[in-house]
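Reminder, nothing fancy here: chain letters follow the sequence lines and each chain counts from 1.
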Amino acid sequence: MAKGRIKVDEAMCKGCELCIMVCPYGLIEMADHFNAKGYKPAVLIDPDQRCTGCTLCAMMCPDAVITVYRETKIKPSPAYA
Amino acid sequence: MVDVMMEKAPEKVMWAEKMVYERPAALSDIPTHYCPGCTHGLIHKLIGEVIDELGIRQRTISVSPVGCAVFMYDYFDVDGAEAAHGRAPAMATGIKRVQPDNIVFTYQGDGDMASIGMAEIIWAATRGENITVFFVNNAIYGMTGGQMAPTSLPGQVTGSSPNGRDVEMTGMPIRMAELLAGLPGASYVVRRSVHNIQTIKQAKKAIRTAFQVQMAGAGFALVELLSSCPTNWKMTAADSLTWIKENMVPYYPLGDYKVADVVKTLNNRGK
């Protein structure tokens, strides 16, 4: 299971490709389809589950359309200990 | 059998998906009119994040400029006013003096501040008004279609300097951070860029400090941010960030130009 994933708000993405530039594993590509504004939105292509949720793409995104999720360890509650 | 019973039960490790980065609440949920890859949006996002982190959204008032950021009041979920061209520091002065408990910031481009609004910013800084100013320098007039700005680099080709900026005729580009740092009223004057992750982080820290200066009543704070204009520079978004690094940063060096003693005592001083 991947450590992280991103969600791109496709309707807001302007396809500037800056997220592609900063992804350390090159996991982001432009989609084949267009959004309502006529841009090809960014999509995460991660078949090998390499995304770590490092947030670099979201930090670089000028339109703040990327939400990042990361798998984090949580303390088991005492009931399950 | 006994051994098995003595063994500890394996520790259960539980994993849960946690959101680690989202659009700041201080930004409205509408798309901006900025061109793809324009770092205006990035700077808006950094300001929005800092407003959220400092918890000042309910008492922040933005003063929008004339230029590409003219519709800024739509993009921030804070109160806002629209100033006449170049007059944002004068308007912010009035708002801050009447509403001293509010956090007032202006956001101006190079045409707005370094050209038509030069008088207002000089005097706001000289008076040491307790406002925060963000100066977005992209070395060109973006909104009007790419004419030469006071900050255009020597030799830079623009719509109104098709053979490159001739410094014999127009003088050298103006360095606003250095100019304003020389004024006695300014407390915090720095220059940052947003062309890569490292500089984005530094810019965010400086934006945070600039707000903290105002919250502490410590006087005039200005952050100059080197920004891109892919459309009028006629290059891709990625190339325009490289252009900032290779052409703008050498002429506009990043750094702290004035950090008054009162600012140094604040927490989390922007590096």
Start with the C-alpha gap between B:Met215 and B:Ile103, add the side-chain angles, then the distance that decides, and say whether side chain to side chain contact (heavy atoms under 4.5 Å, CB included) holds. CA-CA 7 Å; B:Met215 290 164 79; B:Ile103 306 297; 3.5 Å; yes
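- Your options are A:Lys7, A:Arg70, A:Lys37, and the one with the most heavy-atom pairs under 4.5 Å with chain B is A:Arg70.
- Within the 3.5 Å criterion, the main-chain N or O of B:Leu27 finds no donor-acceptor partner in the side chain of B:Asp77.
- For A:Ile74, the parts lying under 4.5 angstrom from a heavy atom of chain B are both the backbone and the side chain.
- Heavy atoms closer than 4.5 Å to chain B are found in the side chain of A:Met21, but not in its backbone.
- Under the 30°/60° scheme for interplanar angles, the aromatic rings of B:Trp233 and B:Trp243 are found to be tilted.
- Interface summary for chain A: among B:Pro230, B:Gly48, B:Pro36, the most heavy-atom pairs under 4.5 angstrom belong to B:Pro36.
- Ranked by heavy-atom pairs under 4.5 Å with chain A, the list B:Asp29, B:Leu46, B:Val20, B:Leu42 is led by B:Val20.
- Only the side chain of B:Lys201 comes within contact range of chain A, with at least one heavy atom under 4.5 Å from a heavy atom of that chain.
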Kindly indicate, with the supporting measurements, whether the criterion side-chain hydrogen bond (donor to acceptor under 3.5 Å, both in side chains) is fulfilled by B:Asn138 and B:Ser227. CA-CA 5 Å; B:Asn138 60 7; B:Ser227 176; 5.0 Å; no
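- If you check the side chains of B:Thr132 and B:Gln214, you find a donor sitting under 3.5 Å from an acceptor.
- Using a 4.5 Å cut-off between heavy atoms, B:Lys45 touches chain A through its side chain atoms alone.
- Only the backbone of B:Ile30 comes within less than 4.5 Å of a heavy atom of chain A; no side-chain atom from C-beta onward does.
- Heavy-atom pairs under 4.5 Å with chain A peak, among B:Arg23, B:Met19, B:Lys204, B:Glu17, at B:Glu17.
- The aromatic rings of B:Tyr107 and B:His40 are tilted relative to each other, their planes meeting at an angle between 30° and 60°.
- Using the six-membered ring where Trp is involved, B:His44 and B:Tyr75 have ring planes that are tilted, between 30° and 60° apart.
- Residue A:Ile66 touches chain B through its backbone alone, counting heavy-atom pairs closer than 4.5 Å.
- The closest side-chain donor-acceptor pair between A:Glu10 and A:Asn35, if any, does not fall under 3.5 angstrom.
- In this structure, chain B has no heavy atom under 4.5 Å from any part of A:Glu17.
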